[in-house]
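Notes to accompany the following structure.
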Amino acid sequence: MAELSYREMGLSDDEYQLVLDIMKREPNYLETGMFAVMWSEHCGYKNSRPLLKNFPTEGPQVIVGPGENAGVVDIGDDQALVFKIESHNHPSAIEPYQGAATGVGGIVRDIFTMGARPIASLNSLRFGEIDDVRVQQLFAGVVAGIAGYGNCLGIPTVGGEVYFHPCYRGNPLVNAMCVGLVNRNEIALAVAGEVGSPIMIVGAKTGRDGIHGATFASEELSEASAEKRPSVQVGDPFMEKLLIEACLELIKEDLVAGMQDLGAAGLTSSIAECASKEGRGVQVDVALVPRRELGMSPYEVMLSESQERMLIIPRSGCENRIQEIFDKWNLDATVIGQVTGDGMFRVLEGEKVAGEVPVAALTDSCPVYRREGEEPPYYQEKKAMSLTNIYAENPAAAILKLLASPTIASKRWVYTQYDHQVMTNTAVVPGKGDAAVLRIKGTGKGVALTTDCNSRFVYLDPRAGGALAVCEAARNLACVGAKPLAMTNCLNFGNPEKPQIYWQMENAILGMAEAARALDTPVVSGNVSLYNETADGAIYPTPVVGMVGLLEDLEQRCTMEFKAEGDIIVLLGNSSRELGASEYLYLCHGIEGGEVPQPDLQQEKRLIDLLQELIKQEVAVSAHDISDGGLAVCLAESAIQGKIGCRIDLPADGGQMTGLLFSEAPGRAVITVKPANLGKAQELAANYNIAATVIGKAGGKELIYNGNGKPVAIVPLAEASQAWEETIECYMK
C-alpha cells in the first residue's frame, strides 16, 4: 500500500517496517489499520508505558489494579468501588457537545463492564480565558454534553473542577471520571474464555462514526483537525441506559466469562485485549455485525468507535439466555465469532478472509519508546524569580479579584446543569465540601470522591506539582472526613516526542508516585492523553488525579462552611509566606514564576490522619483545605457558604501579610471548632505533630483580616459573595 496511507493512519516509517517484519509480508488495508490503532499512544501507551511502571499499584485495599477496564478497591461488607478517569480532549475541541457526551458514555461503560452499577460521575475541565467568545462556546458545549448524557443516564454528576488559562485555548481538556458499586462476588473481568467460546457484540448497531478516533487522539491538533469531525462519535444516552441494565442482569445471572467495552479502536481493541490476556486467538465475521449504515467495509466495521456497544464472551451454553435478556431490553445481541487456540486474530467477511494478524503483535509487540527528557530553559529562569518585593497595596481589592477569578469563583453555573441528586445518594452536594460524599444504601457508610490538579504547579515544577496534585486530592477527602483509599489519573501532556515535554511527564509521574506511596493511595486505573498541543504550543502539563475515600460513619461527614457565630477558627499546619506559583501572583502581578512550594509528604500524611480524627470525634465542625487563592480565599469561601463573616488576626504587619494571606503552600487546612472543644483540637493536633494556631472567630457580616491587631483588609461579606457567585454566570449569559 502507498506510504501515505500508513502515515495518515498514524504509523511512522520505522513502525511500518516493524509491521512488515512481523507479518513477513505487506499487510492489507484492514491489517494496517488494525496495527495503527493498536499501536497508537491512546491504545498502546508506547511513550508512557515505561514511566507508568513507577506508580505503586498494590495494597490491601486493592482488589483489581491497572490492566482491566477500571480499578477496584475494597470498602468492606463484601462491597467494592470501581472507578476510572479518562480523557476526551481532542473530540471535545472539535465537537464539544458530542465529544464531552461520549466521553461520559465511554467511562460509564468501563465501570459497568466490571459488573458495577455506576453511582456517580465527576469531571475535570480546562479551557482558555473565559472572555474569549470561542472559549465560551466550547465551555457551554462541553458542560451541556456532560449534562445531557449524564442526566439521561440517571447517574449523578457530583463533583469536579474547572480551570481557565490561555494555554488551553486551542486544546481544552475534558476528563471524565465514573465510580461504581459492586458486590465482590460479581466483579467481571475482560478475558476471552475457553477455546470455542462464542464472541458476541451487544447493544447499539455499528456505524461509521469514530473511525480512527484512537489515532486522532494521538496527534497534535491543527486547523485540519476540524476536517476529522467524523472521528467524533455520536452518543445515545437512552441506549446506554438500556445497555447498563441488560449487562448488569447478565452478571447477576452469572452468564458471562468476559466482558469488554467497545471504546477506542472499537472491535479491534476490545477483541485483541480480551484474547491477549489468555494467549488466545479469535475468528470474527464482520458480515454478522449489526450495522446502521449500508456498504460498510471490514476496515470500517473493525475500526468503528460507535457508542453504546459491548463485547461479551458468554459462559458455555448461555448465549441463548443472553439473547433473551437483550431482546427484553430491545437491544441487539449477536454471535459474531469464536475464541480459537492459535493466537491469530482472523477477520472474515462471510467466507472470505479479510485480514489475519497475530493477537500478540497488536498488543505485546507495540513499540515502546524510552525517550530522554531535557529540562526546558524556562524552568530555572522562573524558579529563580525574586518575589521579595511583591506585596498587595490593597489587600481587600486583591481578595475580591481572586474571588472573581473564573478559576476560583463558584462553578454554580456548571453544576446546576447537572442532576447531582438522582439516586438520592448524594450527601455532600457540589459547592458544599472539598469533596463529594455519597451514602452507601443499606449501610451506615459513605464514600468521598474528588478530582484535582494545579497545572501551574506542574508547569513550574513537574515533580513537586505532580506530588501536590495527589496531596490535594487526599487532603480534600480528609476534609470531609474520609480516609483516602486509592487513585486513578488522567495524564494530559503535550507531544512526548519533544524532549522538554517528556521531561515534564517523567518528573510529574515520579512526583505523583512518591506522594501515592507516602499517602498509601495506590494507582489502580488511569489514562494517558498526549499530543495536547497546537501551533501555539503545548498545554501546561496537567496530570489530573481522581481519588476515592471511605467514611465508616456517614453521619460524621464534614463540610466547609462556617456553622455558627463565635466558632473558633484554627489553622492546621505551618504558617507560610511562599508566593511562588500562586494565583495571586498571576492575577494581581501578571507573574507565573517563583519557586513552587515543596510538599512535606510525611506532614501531609499526618495532617490527613488528623483531619479524619478531628471529624470522627466531632471536634471540627467545618474543614476546608488551603489551595487556590491561599488562606484569604479559603476563609472567604467558608464564610460565603455559611453566610457568616469572620475576624482573623495574623502575626504580621503591612506588606508581610501578603504572603500569609495568599500563599498556596500545601499541608494546611482551616477548621472551626466550638470554644469548648478548642483544647481537644489542640491536643489531637499535638498528638499528630501538626501546628494548630487559633487565628480568629466566625461572626458578623464582614471578612476582617488583621495583622498584629491592625486592620489590613476589610471585605463586606455581601461583596465577597457577589464576586464569587456571579462571575461565571455574567460571562455565560
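Quick note: numbers below take in every heavy atom, side chains included, and nothing from hydrogens, waters or symmetry partners. Start at 1 with the first residue, then count along the sequence.
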Sequence neighbours excluded, the answer for side-chain hydrogen bond (donor to acceptor under 3.5 Å, both in side chains) partners of Thr488 is Ser525
The criterion is side-chain hydrogen bond (donor to acceptor under 3.5 Å, both in side chains); which residues satisfy it with Asp452, sequence neighbours excluded?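 For Asp452 the side-chain hydrogen bond (donor to acceptor under 3.5 Å, both in side chains) partners, ignoring immediate neighbours, are Thr450, Asn476.
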By salt bridge (Lys or Arg N to Asp or Glu O under 4.0 Å) - contacts of Asp461 (at least two apart): none
According to salt bridge (Lys or Arg N to Asp or Glu O under 4.0 Å), who are the partners of Arg456, at least two apart in sequence or on a separate chain?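 Salt bridge (Lys or Arg N to Asp or Glu O under 4.0 Å) check on Arg456 returns Glu583, Glu592.
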I'd like to know if [X] pairs up with [Y] as an ion pair, taking the criterion as any Lys NZ or Arg NE/NH1/NH2 lying under 4.0 Å from an Asp or Glu carboxylate oxygen.
X: Lys84; Y: Glu86; answer: yes
X: Arg475; Y: Glu604; answer: yes
X: Glu514; Y: Arg463; answer: yes
X: Glu161; Y: Arg126; answer: yes
X: Lys674; Y: Asp567; answer: yes

Is the backbone N or O of Leu585 less than 3.5 Å from a side-chain atom of Ser582, with the two atoms forming a donor-acceptor pair by type? yes
Parallel, tilted or perpendicular, as decided by the 30° and 60° cut-offs, for the rings of Phe139 and Trp413: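 If you compare the ring of Trp413 with that of Phe139, the planes turn out tilted.
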Sequence neighbours left out, what pairs pass salt bridge (Lys or Arg N to Asp or Glu O under 4.0 Å) with at least one residue falling in residues 720-733?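 The answer is Arg412-Glu729.
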Qualifying side-chain hydrogen bond (donor to acceptor under 3.5 Å, both in side chains) pairs with a residue from residues 131-143, counting only residues at least two apart or across chains: Asp132-Arg169
